[in-house]
Amino acid sequence: MIARLAAIIGLSNSLGYLLPAIIGLESMGVPSPGETALVLASILASQGKLQIWLVILIGAVSAIMGDNIGYLLGRRYGRDLFTARGPFQHHRVRAIEAGDRFFDKHGPKAVFFARWIALVRFAAAWLAGINHMHWRTFFFWNALGGISWAITFGLVGYFGGKAAAHVLTDVGIAGAALLVVGVVGGLIYLKLKDRREQPDRDEERKS
């Protein structure tokens, strides 16, 4: 799959913007490398082939739109599919009931943190819809998760490349927070250093 994505990039740099759009398919529940696509697009941006702000924007919008489609599908069809007559119906009904209780108590947190877990994010929107989580609540926490996730992975791919992105994937949200703090701290340090050195440069120009 990654090889195919690389081939797309090779055809045209502008087509690289299709990479973060893949996130929408993953969010709807279609198995696809959304996280990898965002990182690859961010690395292209670090090479000057794409604009990082547009990569992050497309990634965030795709994640939010895909999740909302998944939510609507789950709300409309999911419960009927799970409770339909057939093998293990009793267990499926009990799972739905447990999900209802879980989302009543932890729904917002589940929607937000699911975005950061690769094997969970594609199912969270469906589960929220199946359990009839209030749409406004879902949208707020889903948008918050999608935007923060796109910014984090976008900046990690842009400043740190594939190695940093792999670390982020392995350590999860804790690593995301640390990496963001590190990137922001580094930028602040460079800015302060530049300000301290500015008077010296001014003196050199005068002399």
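The residues of the chain are indexed from 1 along the displayed sequence.
- The CD1 atom of Ile56 sits 12.0 Å away from the CG atom of Leu50 when rounded to the nearest 0.5 Å.
- In this structure, CH2 in Trp116 is found 10.0 Å from CD in Glu35, a value given to the nearest 0.5 Å.
- Across all non-hydrogen atoms, the minimal contact from Ala60 to Ala150 is N-CB, 3.7 Å.
- Under the side chain to side chain contact (heavy atoms under 4.5 Å, CB included) criterion, Ser46 pairs with Ile43, Tyr158, not counting sequence neighbours.
- Here the straight-line distance linking atom CG of Leu72 with atom CH2 of Trp126 works out to 10.5 Å at 0.5 Å rounding.
- For residues 38-48, there are no salt bridge (charged side-chain N to carboxylate O under 4.0 Å, His left out) pairs, not counting sequence neighbours.
- The side chain to side chain donor-acceptor pair (under 3.5 Å) analysis of residues 54-75, with sequence neighbours excluded, yields the pairs Asp67-Arg115, Asp67-Asn142, Asn68-Trp135, Tyr71-Arg75.
- You'll find the side chain of Ser42 reaches within 4.5 Å of the side chain of Ile52, heavy atoms only.
- Within the structure, salt bridge (charged side-chain N to carboxylate O under 4.0 Å, His left out) contacts touching residues 51-66 (residues at least two apart or in different chains) do not occur.
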side-chain contact (heavy atoms from CB on, under 4.5 Å) between Ile23 and Phe153, worked out: CA-CA 12 Å; Ile23 297 167; Phe153 273 87; over 6 Å; no
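- Every side chain to side chain contact (heavy atoms under 4.5 Å, CB included) that Leu54 has, sequence neighbours left out, goes to Tyr17, Gln51, Leu57, Ile58.
- Among residues two or more places apart in sequence or in another chain, the side chain to side chain contact (heavy atoms under 4.5 Å, CB included) test is passed with Trp141 by Pro108, Val111, Phe112, Thr137, Leu144.
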